[in-house]
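Below is one structure, written out as structure tokens; the observations come after it.
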Protein chains: 2
Amino acid sequence: MGKTAENGPLANEPGDSLGRKKGQLHAEAAGKLRSMILSGELPPGERLREVQLCEQLGVSRTPVREALRTIAAEGLVDLLPNRSVVVSELHAPDLEHLFVVFGAIEGIAAELACQKITEAEIGEIGRLLAEMIDFHTRKERAPYMQINQKIHQRTVEIAANPVLHTVWQSLVPRVERARALANLDTGRWTGALFEHTKMFTALASRDGQLLAKLTREHFLNSLPFLQSRLENDD
Amino acid sequence: MGKTAENGPLANEPGDSLGRKKGQLHAEAAGKLRSMILSGELPPGERLREVQLCEQLGVSRTPVREALRTIAAEGLVDLLPNRSVVVSELHAPDLEHLFVVFGAIEGIAAELACQKITEAEIGEIGRLLAEMIDFHTRKERAPYMQINQKIHQRTVEIAANPVLHTVWQSLVPRVERARALANLDTGRWTGALFEHTKMFTALASRDGQLLAKLTREHFLNSLPFLQSRLENDD
DNA sequence: AACACCAGTCTTGTATACAAGAATTGATTT
DNA sequence: AAATCAATTCTTGTATACAAGACTGGTGTT
């Protein structure tokens with residue numbers, strides 16, 4: 001009977017050389033679910049049955065349910081009362097709303113970051129950008145996206161405004177999901193990279209006004225690619 | 001021993017004339033916890049023990065834990081791994097962070113509202129402003145605050161961006177609490193009112209840039225009054 | 001043949017039991 | 001007397017059991 005959680009992918013074996021912390025299965029489950037949704041493995045509209053997720057994640061329903069609450073608050077899934085939870089849809093009009101707001105948020109972050117950034121941090125971002133360019137030339141999309149995300153995250157951290165950080169965090173999963181789609185277009189991918197280099201120049205010279213403007217444009221430029229892609233799929 | 005959930009405050013009595021649906025205790029618990037935190041009943045830094053919350057809310061640990069995950073994703077509490085959940089802090093320095101972000105959010109709302117507002121809506125806001133001025137001259141602060149809040153809310157609604165609306169709603173309770181304090185100062189009260197009239201002029205002439213600027217300033221001007229007041233209390 | 005109704009099944013919602021990780025207190029040692 | 005360690009207690013993390021609400025398929029009636 002109880003064969004559920006003994007050796008699932010999240011279970012940490014005794015000989016786990018990574019020294020992974022135990023506990024917090026719900027956090028790990030939330031992470032897993034996030035990436036499953038962002039990767040498209042769980043497409044929009046998909047009904048998520050709890051027991052099925054339990055089997056896939058190798059944990060019981062309790063952490064799965066808690067994880068679902070977490071990602072529901074992040075807007076990745078919708079909770080239907082007494083019915084299955086479903087992966088939330090990404091409609092084209094909603095996307096414009098999201099990107100307008102998110103661009104503005106990152107714009108504020110950009111301005112604040114320019115005021116507060118240190119030389120060491122400029123160097124750090126520069127190294128990340130170099131890595132990202134590298135992955136782009138090698139056409140390795142997954143690592144590229146990871147570094148891209150890291151640059152945006154570090155910028156918000158450097159802005160050093162916890163309220164801003166919280167708001168940003170609440171929006172970023174949805175944006176991340178959309179961005180994953182957008183960069184499937186190779187032309188936009190290169191364009192986005194070019195914009196990033198311009199943004200770095202503005203950051204390095206601490207031109208907050210310019211960086212904010214570039215940041216807002218960066219998001220608005222991605223929008224049409226996303227929207228056209230959404231129209232095809234859904 | 002099982003006396004926990006039979007008659008807690010969340011249990012819906014048979015004679016409940018509201019016809020409230022059963023189930024969804026976790027959602028109700030989340031709502032209760034939200035208002036307890038926003039009202040200050042659960043002050044920042046407070047350690048939340050699950051069983052204690054269970055007794056207060058009259059439910060078992062399962063919905064309480066799910067509710068905690070929800071409001072944690074909203075940033076109201078911090079989840080310490082294997083330790084108690086604590087209400088997230090917000091002191092005087094944080095207040096500046098809050099107002100910078102909130103001012104920017106309302107600034108975006110202002111710009112969007114200027115693009116979309118109808119003549120009828122301009123009239124509506126104008127009437128609200130007139131009412132507010134009336135309450136100010138009569139020194140009736142509570143109704144003044146209510147109208148004030150209504151004007152800001154209508155502006156965000158007119159902006160017609162659901163993402164923006166959600167973000168705004170997540171921040172407004174904290175701002176509202178702070179604003180209640182700030183207007184205790186009569187000088188600032190009059191100043192705020194004057195700013196509101198200028199903001200209305202900008203809105204009526206659909207000058208989004210100007211309105212956004214005035215809005216941001218409106219919040220920044222309130223800040224010093226609040227901060228001095230917080231230093232005394234906490 | 002179409003519709004309504006009922007039973008069986010599936011899925012979620014909640015409570016509780018159990019285990020493991022922290023914190024605390026008291027005793028023992030130096 | 002102070003510090004350290006051990007044992008108790010407290011708290012969180014996870015699994016499972018049970019109940020109640022939705023879905024599905026089939027049967028009977030019109």
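What you see is a predicted model; the values in this text were computed from it and never measured. Letters A, B, ... mirror the listed sequences (proteins, then strands); counts begin at 1.
Every residue was checked against the ring-ring contact (aromatic ring centres under 6.0 Å, His included) condition with A/His97, not counting sequence neighbours, and none meets it. Annotation: salt bridge (charged side-chain N to carboxylate O under 4.0 Å, His left out) contacts of B/Arg83 (sequence neighbours excluded): none. Every residue two or more places apart in sequence or in another chain was checked for a salt bridge (charged side-chain N to carboxylate O under 4.0 Å, His left out) with B/Glu121, and none qualifies. With sequence neighbours excluded, the residues forming a ring-ring contact (aromatic ring centres under 6.0 Å, His included) with B/His152 are B/His196, B/His218, B/Phe219, listed by chain and number. Under the rule for a side-chain hydrogen bond (donor to acceptor under 3.5 Å, both in side chains), B/Glu46 has no partner lying at least two apart in sequence or in another chain.
Rounded to an integer number of Å, the gap from A/Leu79 CG to C/dT11 P is 17 Å. Protein atom CG of A/Leu25 is 13 Å distant from nucleotide atom P of C/dA20, rounded to whole Å. Atom pair B/Glu55:CD and C/dT16:C1' shows a separation of 15 Å (rounding to whole Å applied). One atom, NE2 of B/His26, and another, P of D/dA20, lie 17 Å apart when rounded to the nearest Å.
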Polar-atom pairs under 3.5 Å, protein N or O versus N or O of nucleotides 8-12 of chain D: list them with distances, or write none.
{"from": "D/dT11", "atom 1": "OP1", "to": "B/Arg49", "atom 2": "NE", "distance (Å)": "3.4"}
{"from": "D/dT12", "atom 1": "OP1", "to": "B/Leu48", "atom 2": "O", "distance (Å)": "3.3"}
{"from": "D/dT12", "atom 1": "OP1", "to": "B/Ser84", "atom 2": "OG", "distance (Å)": "3.3"}
{"from": "D/dT12", "atom 1": "OP2", "to": "B/Glu50", "atom 2": "N", "distance (Å)": "3.2"}

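No more than 12 heavy atoms of other residues, nucleotides or ligands shown are found within 6.0 angstrom of CD on A/Gln146.
For D/dT14, the OP1/OP2 oxygens have no side-chain nitrogen or oxygen of A/Thr62 closer than 4.0 Å.
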